[in-house]
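A quick write-up on the structure given underneath.
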Amino acid sequence: MFKLSLRGNEARLKLALLAFVLLFTGLGLRDPWPADEPRFAQIAVEMVDSGQWFFPMRGGELYPDKPPVFMWSIALFYWLLGSIKLAFMLPSALSGLLTLYLVYDLGKRLWNEQTGMLAAALLLLSFQFTLQAKTAQIDAMVCAWITLGCYGLLRHLLCKDGWHWYYLGFAAMGLGVITKGVGFLPLLMLIPFFLARHFQTQPDEIQGNWRWWTGPLTMLLVIALWFVPMLILVANQADGAYEVYRDNILLKQTARRYADSWHHIKPFWYYLTSVIPVFWLPLSLLLPWLIPNWWRAIQAGDRRILLPLVWIGLVVLFFSLSPGKRGVYILPALPMLALISAPFVQGILQKRWPNRLIIATVALFTLVFITLAIAGLAGLDKVQQLVLDYPVQPWWFLLCIGVFGLLSLFVSRRCQHLSWLLFMSSFWLLYSSWGYVLLTPVKTPKLVVENLQLHVTRDTPLVMLGLKEQFLLFWPYSMGHFGYHSPMSAQQQSAWQWLSDHPQGKILVARQEALSCFDLNKGLDLGFAHRQDWLLLDQSARTADCQITSPTLPIFYPGQQRGE
């Protein structure tokens, strides 16, 4: 959403520089934040430290929830750089850059240079895209693989650049599948293509017959690069935990997770009402004007719009049909949305009401930030309660964002749509610097770990009930746990027995856990982190009447798997 003159080398350089600054600012400034980042970072650290890269381990326990590609990428950068703070966000940032380039290049080839630049700019300024590119979750990488899959298919189907692009698209899908199971989604683009070919045949249609089936075969061959060795290695393991790993990652975390989700349950319309309107800003604001343009293009037989647009609808429908939903699931559809919006955005932004809507949205965010900041600085109880449990006072930070919002409104008063560019750029820069530092006590267990070190030495046996990966990541010594998915009732019984064998041992646990084998009032208060109060228990906290109803659980340690 620049001043609509994105042409030439200078414009490309400015856009590339803006992308690099927004995506990479703050790299190495913060630690991994829950829920997912500490888990992936800890797995990467254990890969490098143990030398066992093939099977991801979380605290010495097999991690069967996701394929290993994303964890491998973090581990690779950790091995190269020697710093997990530098390494853990690099794969997402680089995936974001790749996605931006692919969208730019598609826009340039399907339309022209300016359309490609606008498509990349629209994507970069979309809230969800930049947020995920600055977050060490798996979704930015799978979005890049899915976009590469769409890129390869569109180079073949629309640009007619050759079958090798078709194969590249399916190879990218294979990489997407072994990154996260939904990597096959570009395959859905063949549905509108074959329907369009049937009902609106063009004289230069791509033939191929049997060659169409070699694409899925290419995808399966790429998947097999991980899948086959995994099956062979599992078959040669004496430990039955590896068979559980195989069955979990192949069945529970794929088909069952989609068809019978056990968490994040949302209604069918969740994405349409709760995700797209906010997280797809600013494109969501322009939909009332984009839809008529898309419709006219489809009526004219423009497959450049038809194929990506129908594909976006199929992706949203695919995730809407599953009962388990997270807003980030539909991120892969956003690059194609930016692509098909770019040809029309110049004309739309010449109209009065789209500009008014954009500037009104920026004004609303500015008002919210300034109001919260002033209320917090004034000590208003209802606002102060928002941070009552956290060692942070964000009011000056919020006020600063609000001030930049006012400046954005003022500077762009003659070119109103630029207010979004200025506001979001300043927001991401402040968030990635001041915001990172401000949120460190909230998003990490550093304060609890510092208190824990006052009472536990390197030689003190220590186990944790209710594993939180961030504690493993920040704790400098050995800390055991009883399995991430083990029931708390079985964990506390095993811990009660473990303390009888380790009189000097200590147990780390959240006060919010309902324990019957320990008197939590005898625990040592370590502080508040991740919305829980943390306690240190010793022999004195054991109750006399703990009823043992579960077999003793094995204890897992980072870098090794062992039971005691």
Side-chain angles (χ1 to χ4, degrees), residues 1-23 25 100 103-104 107-108 111-131 133 276-294 334-335 337-370 399-432:
M1 306 195 51
F2 293 98
K3 179 61 178 176
L4 305 184
S5 59
L6 294 173
R7 291 191 181 94
N9 293 331
E10 183 180 354
R12 282 197 298 272
L13 180 61
K14 288 180 179 179
L15 181 58
L17 181 61
L18 178 64
F20 187 85
V21 169
L22 293 187
L23 299 188
T25 295
L100 287 170
V103 169
Y104 155 74
K108 181 181 71 172
W111 286 278
N112 52 54
E113 172 81 9
Q114 176 139 323
T115 299
M117 297 283 284
L118 283 170
L122 286 168
L123 182 59
L124 177 63
L125 296 175
S126 298
F127 181 76
Q128 189 181 52
F129 172 80
T130 303
L131 176 64
I276 292 175
V278 176
F279 289 92
W280 283 13
L281 287 169
L283 287 171
S284 57
L285 295 176
L286 304 180
L287 286 175
W289 295 273
L290 286 168
I291 291 173
N293 281 287
W294 292 335
L334 191 51
L337 180 64
L339 175 69
I340 62 173
S341 299
F344 310 107
V345 73
Q346 293 189 79
I348 291 172
L349 292 180
Q350 302 303 316
K351 302 178 185 294
R352 179 180 301 172
W353 279 104
N355 282 275
R356 288 182 175 179
L357 194 56
I358 290 171
I359 205 165
T361 303
V362 174
L364 177 61
F365 285 139
T366 298
L367 179 63
V368 169
F369 283 122
I370 291 178
L399 183 61
C400 191
I401 294 178
V403 168
F404 273 96
L406 289 175
L407 290 174
S408 302
L409 294 170
F410 176 77
V411 171
S412 60
R413 61 191 185 280
R414 293 187 179 180
C415 191
Q416 294 175 331
H417 59 267
L418 286 179
S419 61
W420 186 263
L421 164 66
L422 298 173
F423 176 68
M424 289 309 298
S425 297
S426 59
F427 171 82
W428 287 122
L429 292 176
L430 286 169
Y431 169 77
S432 305

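The figures here come from the full heavy-atom set of this structure, side chains too, leaving out hydrogens, waters and symmetry mates.
- Across Leu339, Val345, Leu337, a single residue satisfies side chain to side chain contact (heavy atoms under 4.5 Å, CB included) together with Ser341, and that is Leu337.
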Side chains of residues 116-129: which donor-acceptor partners sit under 3.5 Å, not counting sequence neighbours?
residue : atom : partner : partner atom : Å
Ser126  : OG   : Leu122  : O            : 2.7
Gln128  : OE1  : Trp280  : NE1          : 2.9
Gln128  : NE2  : Gly327  : O            : 2.9

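- Side-chain contact between Leu283 and Leu334 is present, with heavy atoms from C-beta onward closer than 4.5 Å.
- Counting all heavy atoms, side chain and backbone alike, Leu422 lies closest to Ser412 at CD1-CB, 4.4 Å.
- Atom-to-atom distance recorded for Leu421:CG and Ile358:CD1 is 11.0 Å, nearest 0.5 angstrom.
- Residues Ser284 and Leu281 come closest through the heavy atom pair OG-CD2, 3.3 Å.
- Heavy-atom minimum distance, Thr115 versus Ala342: O-CB, 3.4 Å.
- The structure places CD1 of Ile401 at 10.0 Å from OG1 of Thr366, a figure rounded to the nearest 0.5 Å.
- Between the side chain of Asn355 and the backbone N or O of Cys415 there is no donor-acceptor pair closer than 3.5 Å.
- To the nearest 0.5 Å, the span separating CG on Leu17 from CG on Leu13 amounts to 6.5 Å.
- The main-chain N or O of Thr361 is never found under 3.5 Å from a side-chain atom of Trp420 such that the two would form a donor-acceptor pair.
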Can you check side chain to side chain contact (heavy atoms under 4.5 Å, CB included) on Val403 and Ile370, steps first, answer last?
-> CA-CA 8 Å; Val403 168; Ile370 291 178; 5.6 Å; no
Could you give me the CA-CA distance, side-chain angles and deciding distance for Phe365 and Phe427, then say whether side chain to side chain contact (heavy atoms under 4.5 Å, CB included) is met?
-> CA-CA 11 Å; Phe365 285 139; Phe427 171 82; over 6 Å; no
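- Every residue meeting the side chain to side chain donor-acceptor pair (under 3.5 Å) condition with Ser432, not counting sequence neighbours, appears here in chain and number order: Lys134.
- You'll find the side chain of Phe344 reaches within 4.5 Å of the side chain of Leu290, heavy atoms only.
- Between Trp428 and Tyr431, the angle of the ring planes goes over 60°, which puts this pair in the perpendicular group of the 30/60° scheme.
- The side-chain heavy atoms of Trp111 and Lys108, taken from C-beta on, include no pair separated by under 4.5 Å.
- In terms of heavy atoms, Pro354 sits closest to Leu286 at CB-CD2, 4.1 Å.
- The backbone N or O of Gln416 lies less than 3.5 Å from a partner atom in the side chain of Ser419, making a donor-acceptor pair.
- In this structure, the side chain of Thr25 engages the main chain of Val21 through a donor-acceptor pair within 3.5 Å.
- Atom CZ of Phe404 is surrounded by 12 or fewer heavy atoms from other residues, nucleotides or ligands within 6.0 Å.
- Relative orientation of the Phe369 and Phe423 rings is tilted, given thresholds of 30° and 60° on the angle between their planes.
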